[in-house]
Each structure stands twice: as structure tokens, then as C-alpha cells.
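One structure is given below, encoded as C-alpha cells.
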Amino acid sequence: MRIVFMGTPDFAKESLKAIYEKGYEIIGVVTNPDKPKGRGMKMIPSPVKKYAIEKSLNVYQPIKIRKNAEFINEIKSLKPDVICVVAYGKILPKEILEIPKLGCINVHASLLPKYRGAAPIQWAVLNGDKTTGITTMYMDEGMDTGDMILKQEVEIGEDETTGELWDRLSILGGELLVKTLEKIEDGTAPREKQSQDYTTAPMLNKEMAKIDWEKQTANEIHNLVRGLNPIMGAFTYINDKKIKFWKVQVKQEKELTEIIEKNKIENAKPGEVILADAKKGLYLKAKDGVLQVLEIQGENAKKMSAHDFLLGNRF
RNA sequence: CGCGGGGUGGAGCAGUUGGCAGCUCGCAGGGCUCAUAACCCUGAGGUCGUAAGUUCGAGUCUUACCCCCGCAA
């Protein structure tokens with residue numbers, strides 16, 4: 001089976017790797033152009049490109065694909081049986097969707113029709129969902145609206161971060177893609193329409209990373225922190241300094257009576273530090289409870305444990 | 001030349017107008033306690049990123065270089 005693979009980030013790389021190692025004939029890899037990245041704005045190739053080059057695969061990096069006749073003809077001339085798209089970063093126009101005779105299939109990191117869109121993993125964690133999963137589908141022109149092929153559900157851990165879930169789903173995505181291809185190959189692939197009962201998972205914006213102590217409950221903040229780890233990190237201001245939280249734990253007031261006076265907890269305003277002791281830990285009052293900060297990052301600093309942070313910083 | 005921060009004992013930091021190199025933690029030894037992320041002694045451990053310059057004297061000022069980090073994408 002002749003396959004063209006389209007994808008960009010590390011999530012997609014795992015899928016490419018899965019089909020490559022399964023021995024499929026990958027006749028072309030399409031990925032987004034290199035971008036200036038990191039300190040010094042160096043040009044960095046996408047993880048997919050890196051992998052493709054390692055394996056001496058054919059790489060294409062069109063800047064745009066819509067109305068790009070040259071690129072579309074190029075793909076046509078490859079005569080792919082199927083195009084696999086995993087987090088490519090561009091919407092495929094009809095002309096490309098129609099090229100492969102077995103269709104374009106997509107790996108999406110949610111249980112469709114839940115969380116259509118760019119950030120399904122992040123939203124599953126942010127919303128405190130107990131489960132999520134991977135869906136493969138036949139692509140159509142809409143945003144993740146195609147007919148579904150296979151699904152695989154996974155549980156989300158209590159304290160699991162987006163990054164951790166991301167890694168697990170990347171691997172799973174690769175496995176499910178391989179299964180999907182096998183079924184397509186022998187003609188047993190199911191095809192199920194999505195119900196109209198869908199939700200979307202739009203890209204995250206920066207404002208949402210700021211903790212809103214008045215509105216968000218301790219549990220919501222906990223979800224925010226792990227949902228934004230390691231993408232942006234949830235932050236707040238303590239003594240006018242921007243502080244990011246990477247790991248927090250919800251505490252009940254009862255658990256803390258040994259180390260913090262009850263009055264102190266009750267009188268504190270949401271967002272206020274109620275205890276900052278290198279040995280006992282860092283605790284902030286939330287609307288409906290107490291949050292213990294376990295991993296923290298100050299301005300211009302790197303992440304560290306709350307213990308290390310408190311050795312050199314005072315609140 | 002995208003913007004910014006920083007390199008000081010094992011860790012996280014402070015170090016004022018150049019004048020004996022400090023704090024918290026950890027570590028080692030000892031003590032106290034039924035007990036502790038408890039407490040009290042004592043101790044080890046630093047060419048202050050590198051090289052050069054200014055100076056009676058540089059962690060501190062000047063210059064060059066190396067390395068690290070944050071933001072931004």
C-alpha cells in the first residue's frame with residue numbers, strides 16, 4: 001500500500017514511526033516548513049521531518065497547500081493509496097482529499113465527536129475528564145467531522161498532566177493507525193457517522209493560563225495546572241512577581257491543622273500565601289480549600305520543587 | 001543580529017558606596033526526645049564561569065570569550 005504521511009509535531013512522529021516500523025511503503029512525508037524557534041531563533045525542523053530524514057524518506061514542506069497546484073500535482077503523481085494525516089497543522093482542500101483511492105485518514109486524540117479541533121488532549125485534562133482516547137476517521141472537508149473508523153478509550157489519571165497524557169496518546173495513536181490501515185487494506189474497516197452531539201477543543205490562548213482565584217475552585221485550579229503542563233504553565237502573581245505553578249495538590253483544611261493555624265486559613269483571601277516554609281511546604285488559600293504547590297517556577301528561572309524554591313525565595 | 005535573566009561551598013539564593021565571602025537547606029560528627037519535615041551544639045566543603053585590565057585592594061568597576069536559563073514562536 002502506497003502511503004503519504006502528513007504531520008508535524010512529535011505526536012505525529014509516533015504515528016509515522018509506527019507505520020514505518022510496520023513496514024508500510026511510505027512514498028512521501030509532508031510536514032510544515034522549518035520555523036525559527038528557541039533562543040536565537042534558530043531554524044528548527046519539525047519532529048516529523050527529523051524522523052523522515054533519518055529514515056531517508058521523501059520530505060515535502062509546502063508553505064501552503066490550498067490552491068498550490070504544483071504541490072497538489074506532486075502528490076497526485078505519487079499515486080498514494082491512502083494519505084495518513086496526524087496533526088499536520090493545515091486544513092486539506094478537497095483536491096487533496098480526493099487523491100488517494102482509499103481515502104485520507106486522520107488520527108485524532110479524542111473520542112469523537114467530543115473535542116473536535118486543535119487541542120483535544122489539553123481540554124480533556126483541563127476539564128478534569130476521567131477518560132479520553134483516540135479516534136481514527138475518514139477525513140472530509142470539515143474540522144474533524146469525518147466518518148469514524150476505530151476508537152480506543154483510555155483513562156486519565158487523577159494527577160496526570162497534558163504532557164504525560166500526550167505521550168501515551170501519541171503511542172496509542174500510532175498503534176490505532178496501524179490497526180486502521182490493516183482493516184482498510186483487507187476491506188473490513190468500519191465506517192460510522194459522527195453524531196451531531198459534538199464539542200470543540202479550540203487552541204489554547206494565553207489569558208487562560210492566569211489563575212482566577214475568585215472564580216476558580218481548588219479543583220479547577222488543579223486541573224488548570226496539570227492541563228497546562230508542560231505547554232504554558234498556569235501562573236499567578238505573588239508580591240508582584242509572576243509565578244508559574246507546575247504541580248499542585250488540593251488539600252483539605254483538616255489535613256493542615258497540624259501545621260497551619262485555623263484562623264490563618266480562614267482569614268486569608270483566595271490567592272494568598274498562608275504558609276511558605278522550606279520544610280513544611282508552600283500553601284495558598286483557594287476559594288474553597290487550600291492548594292499546596294509542589295513544583296514552581298519564578299520569573300526568569302527554571303522549574304524547581306517548592307522546597308528548593310523556598311530556600312532562596314521569601315514571600 | 002527577536003526580547004530579557006543569570007553563572008558565588010552539594011542545592012536554592014544574598015552580597016549594600018570596591019575593604020575579612022554570607023543565608024536557608026543538605027551533608028558529617030555529637031547531644032536531647034516516647035517521638036518528629038522537631039530542637040541544640042560542632043564540623044567539613046568556595047580558584048566567586050574563563051581570560052585580561054583599572055586599583056594599595058575586585059564577587060563587586062571595564063573589556064573579550066564560554067556556558068546556562070526564561071519569554072517569544
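Within every chain, numbering begins at 1; the chains are lettered A, B, ... in the order of the sequence lines, protein sequences first and strands thereafter.
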(message) I'd like to know if the side chain of A:Thr200 and the backbone of A:Tyr115 have a donor-acceptor N/O pair within less than 3.5 Å.
(response) no
Is a donor on one side and an acceptor on the other found under 3.5 Å between the side chain of A:Gln61 and the backbone of A:Asn32? yes
Pairwise [atom1] distance for [N] and [M], with rounding to whole Å:
{"N": "B:U54", "M": "B:G59", "atom1": "P", "result": "16 Å"}
{"N": "B:G57", "M": "B:C13", "atom1": "P", "result": "34 Å"}
{"N": "B:C56", "M": "B:A64", "atom1": "P", "result": "24 Å"}
{"N": "B:A52", "M": "B:U16", "atom1": "P", "result": "25 Å"}
{"N": "B:U62", "M": "B:G22", "atom1": "C1'", "result": "27 Å"}
{"N": "B:G49", "M": "B:G6", "atom1": "P", "result": "13 Å"}
{"N": "B:G5", "M": "B:U63", "atom1": "P", "result": "15 Å"}
{"N": "B:U24", "M": "B:C67", "atom1": "P", "result": "35 Å"}

Are side-chain N/O atoms of A:Asp186 and A:Thr188 paired as donor and acceptor at under 3.5 Å? yes
Could you tell me the separation between the [atom1] atom of [X] and the [atom2] atom of [N], rounded to a whole number of Å?
{"X": "A:Met41", "N": "B:G4", "atom1": "CE", "atom2": "P", "result": "13 Å"}
{"X": "A:Lys244", "N": "B:C71", "atom1": "NZ", "atom2": "C1'", "result": "8 Å"}
{"X": "A:Met304", "N": "B:G70", "atom1": "CE", "atom2": "C1'", "result": "11 Å"}
{"X": "A:Lys42", "N": "B:C3", "atom1": "NZ", "atom2": "P", "result": "15 Å"}
{"X": "A:Lys37", "N": "B:C69", "atom1": "NZ", "atom2": "C1'", "result": "17 Å"}
{"X": "A:Leu228", "N": "B:C71", "atom1": "CG", "atom2": "P", "result": "13 Å"}
{"X": "A:Leu275", "N": "B:A37", "atom1": "CG", "atom2": "P", "result": "16 Å"}
{"X": "A:Asp277", "N": "B:A37", "atom1": "CG", "atom2": "P", "result": "13 Å"}

ask   = Would A:Leu92 end up clustered with A:Ile149 when hydrophobic side chains under 4.5 Å apart are linked, directly or stepwise?
value = no
Original post:
Is the distance from OP1 or OP2 of B:U24 to the nearest side-chain N or O of A:Arg314 less than 4.0 Å?
Top reply: no
**Message:** If the cut-off is 4.0 Å, is A:Lys279 near the phosphate of B:A38, judged by side-chain N/O to OP1 or OP2?
**Reply:** yes
Q.
Please classify the nucleic acid contact of A:Ala278 as base, sugar-phosphate, or nothing, using heavy-atom distances under 4.0 Å.
A. nothing
Q.
Using a 4.0 Å heavy-atom cut-off, does A:Glu299 contact any base of the nucleic acid, only the sugar-phosphate backbone, or nothing at all?
A. nothing
5'-most contact on RNA chain B (nearest-nucleotide basis), A:Asp308 vs A:Gln292, goes to A:Asp308
Whichever of A:Lys303 and A:Asn300 has the more 5' nearest nucleotide on RNA chain B, that residue is A:Asn300
Note: A:Glu160-A:Arg168 ion pair, threshold 4.0 Å (strictly below): yes
Under a 3.5 Å cut-off for both contacts, is [N] paired Watson-Crick or G-U wobble with anything, and if yes, with which nucleotide?
{"N": "B:G10", "result": "B:C25"}
{"N": "B:A51", "result": "B:U63"}
{"N": "B:A37", "result": "none"}
{"N": "B:G70", "result": "B:C3"}

Evaluate the criterion side chain to side chain contact (heavy atoms under 4.5 Å, CB included) for residue pair A:Asn223 and A:Asn127; output intermediate values, then yes/no. CA-CA 7 Å; A:Asn223 287 339; A:Asn127 289 335; over 6 Å; no
Does the Lys NZ or Arg CZ of A:Lys90 fall within the cation-pi geometry relative to A:Tyr88 - under 6.0 Å from the ring centre and within 45° of the axis? yes
Closest of B:C69, B:A11, B:C13 to the A:Leu311 side chain is B:A11
